[in-house]
Amino acid sequence: MHIEHVGLWVHDLEAMKAFYQTMFQATAGELYENHKKGFQSYFLTFADGARLEIMHQDSELAGLATRGQFAHLAMAVGSETAVDQLVANFQAQGLPLLNGPRVTGDGYYEAVVQDPEQNLIELTV
């Protein structure tokens, strides 16, 4: 068993697609649209095959859909050097570093940053 993908509600679909493509080299699939529901999404695929679905909905249902947001998205980037480089990239774009880089009590090397819509991203080895 494995997680097939994680879904993330976003306000600006195109900007968030570009963000994850630039910062994490994600490859975007085709835009999916359900005009009746005012829903749009992209599946973003990362180098190891993991997928993130970014979703936007214009209708009054969007407020209901965004109530159960997740705590954070953890991205394993391969090395402490890669964590440090991504932190520098985030800061260069004016995005906040909330914690770290540091070694946690359970031995993870990590930093916590925010994407442009303030979703928490844990960068780890």
Could you check Leu52 against Leu8 for side chain to side chain contact (heavy atoms under 4.5 Å, CB included), going step by step and ending with a plain yes or no?
CA-CA 7 Å; Leu52 174 67; Leu8 174 65; 4.0 Å; yes
Whether the side chain of [X] engages the backbone of [Y] through a donor-acceptor N/O pair (distance < 3.5 Å, no angle test) should be reported.
X: Glu117; Y: Asp12; value: yes
X: Glu80; Y: Val125; value: no
X: Gln25; Y: Thr22; value: yes

Flag side-chain contact, heavy atom, 4.5 Å: [X] against [Y]:
X: Arg51; Y: Phe46; value: no
X: Leu95; Y: Gln114; value: no
X: Met55; Y: Tyr42; value: no
X: Leu13; Y: Leu31; value: yes
X: Val83; Y: Gln85; value: no
X: Phe24; Y: Met75; value: yes

- Using side-chain contact (heavy atoms from CB on, under 4.5 Å) as the criterion, point out the one residue from Leu123, Leu86, Val87 that pairs with Pro101.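 Of all the options given, the one that passes is Val87.
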Atom [atom1] in [X], atom [atom2] in [Y]: separation rounded to 0.5 Å?
X: Asp115; Y: Met23; atom1: CG; atom2: CE; answer: 10.0 Å
X: Glu110; Y: Asn99; atom1: CD; atom2: CG; answer: 6.5 Å
X: His5; Y: Thr45; atom1: NE2; atom2: OG1; answer: 10.5 Å

Is it the case that the ring center of Phe39 lies less than 6.0 angstrom away from the ring center of His56?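 Between Phe39 and His56, which both carry aromatic rings, the centre distance is not below 6.0 Å.
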(message) Does atom CD (Glu30) have a neighbourhood of more than 12 heavy atoms from anything else shown, all under 6.0 Å?
(response)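 Not more than 12 within 6.0 Å, no.
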Item to check | Between Glu122 and Tyr108, a side-chain donor and acceptor under 3.5 Å | outcome: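 Note: Glu122 and Tyr108 side chains miss the donor-acceptor criterion.
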- Message: With side chain to side chain donor-acceptor pair (under 3.5 Å) as the criterion, how do Tyr32 and Glu53 come out once you've worked through the C-alpha distance, each side chain's angles and the decisive distance to 0.1 Å?
- Response: CA-CA 10 Å; Tyr32 169 75; Glu53 181 182 15; over 6 Å; no
message = Would Ile54 and Leu44 count as a side chain to side chain contact (heavy atoms under 4.5 Å, CB included) here? Give the steps.
response = CA-CA 8 Å; Ile54 55 171; Leu44 305 175; 4.0 Å; yes
Does the pair Tyr109 and Arg102 meet the rule for a side chain to side chain contact (heavy atoms under 4.5 Å, CB included), with working shown?
CA-CA 5 Å; Tyr109 186 78; Arg102 67 188 180 99; 5.9 Å; no
Point to revise | Residues Met16, Asn119; criterion side chain to side chain contact (heavy atoms under 4.5 Å, CB included); working and verdict | key: CA-CA 11 Å; Met16 294 300 285; Asn119 296 298; 4.2 Å; yes
